[in-house]
Amino acid sequence: MPDWIAHVLVAWSLTTILGFRFKQFSQSNSAIVIFGALIPDIYKITLLLDSFGIYMHDFLNPIHLPIGSILIAAIISLFFVNRKSIFLFLIMGISSHYALDLLLFSGGMEIFYPFSPLKFQIGIISVTDFNITIVSIILALSVYLAYKKYNKKNYFNLV
Amino acid sequence: MKLKPNRLILGIIFLSMLYLLCYNYASEGYYQDNSVINLLTGYSENQILLYGHVTDIYKDGFEIYNVRDKTAYHVKTNLKISLDTGIYILGTLNSNNEVIIIKMMKFKSEDVLDVFFRSLFASIIFLTVFLRYWKFNPKKILIIRRK
Ligand SMILES: [Zn+2]
């Protein structure tokens, strides 16, 4: 699957581009979107558990399905004051995560679980493909340069 | 420390929903381990897929504790394997939980390390951005915007 570098950079680029047009997409909210983009991969804790001989793949897999990620986002948003808007920013990050993961070929994901057990995936990138990370680095760098140009004076003050 | 009751109630509700979802998913047996898909080719009814650690060594093989059904199996082989090795085995099941290996694969710890380091790097980027704009208030148990 695209690694966290790709997920973080794509989420950041997306919100920064939207921030050119909409002031809601500030850098502080962009941090929340990035947070959201990492939620599905909380599931990767299973790899760590494997090394202790604990098999939790089947139990924890729903975290890497939209419905499970949405529930995690709901739990996380309870730790914020503006729960609703935080929840929506987290959902946006989660969506960017699945948009990237859907490009892969890794056996498919039951994205409509529990409503449908069908697995979906476009399957144009192999799991071990590092190119998606490189593309996301190039994207983020371009967005960063555009952002700097757009907001030269108060980059570090913008909240 | 103050936690508003409605936050607590919502938290419990969401956690229970998540637990039910995971429980339901696991019990429906939907999960297919993508990492063992190679092993699964040609997987037929009298064959068994084991996943776990070596728990004992015998003269004629070893014992593996299969985490999928929480049962110990006696694997007959003359392959030398050390205690605690994590393995996947596709085999045929005989009586007395004896298994003859068809294919065997060790857990790849390099994969885990690779994911770990790349994720660690991304976590640093994330935390740098996040902590720049947000901080945790332990008294209110809330994450608040930095001014
Ligand atoms: Zn993923």
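As the structure is a prediction and not an experimental result, all values here were calculated from the model. These values consider heavy atoms only, across backbone and side chains, with no hydrogens, waters or symmetry-generated copies. In what follows, chains carry the letters A, B, and so on, assigned in the order in which the sequence lines appear, proteins first and then strands, with residues in each chain numbered from 1.
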Contacting region of [X] [heavy-atom separation from chain A under 4.5 Å]:
{"X": "B:F130", "value": "both"}
{"X": "B:I13", "value": "neither"}
{"X": "B:I144", "value": "side chain"}
{"X": "B:I125", "value": "side chain"}

- request: Sort A:V8 into side chain, backbone, both or neither according to what part of it lies under 4.5 angstrom from a heavy atom of chain B.
  value: side chain
- request: Let me know if A:I86 has heavy atoms under 4.5 Å from chain B in its side chain, its backbone, both or neither.
  value: side chain
Counting only heavy atoms not in [X], do more than 12 sit closer than 6.0 Å to its [atom1] atom?
{"X": "B:Y58", "atom1": "OH", "result": "yes"}
{"X": "B:D60", "atom1": "CG", "result": "yes"}
{"X": "B:Y23", "atom1": "OH", "result": "no"}

statement: Of A:V81, A:L71, A:L9, the largest count of non-hydrogen pairs under 4.5 angstrom with chain B goes to A:L71
Leading residue by heavy atom contact count with chain B [cutoff under 4.5 Å; candidates A:N82, A:I63, A:I67]: A:I67
- request: Would you mind reporting whether B:K76 and B:I100 have side-chain heavy atoms less than 4.5 Å apart?
  value: yes
message: Are A:L18 and A:M92 packed together at the side-chain level, in the sense that at least one heavy-atom pair is separated by less than 4.5 angstrom?
response: yes
message: What verdict does the side-chain hydrogen bond (donor to acceptor under 3.5 Å, both in side chains) test give for A:D41 and A:H64, after you've listed the backbone C-alpha separation in whole Å, the side-chain angles of each residue and the deciding distance to 0.1 Å?
response: CA-CA 6 Å; A:D41 279 353; A:H64 200 282; 3.2 Å; yes
query: With under 30° as parallel and over 60° as perpendicular, where do the rings of A:H97 and A:H7 fit, or are they tilted in between?
result: parallel
query: Who among B:L18, B:N137, B:L131, B:V129 has the most heavy-atom pairs with chain A under 4.5 Å?
result: B:L18
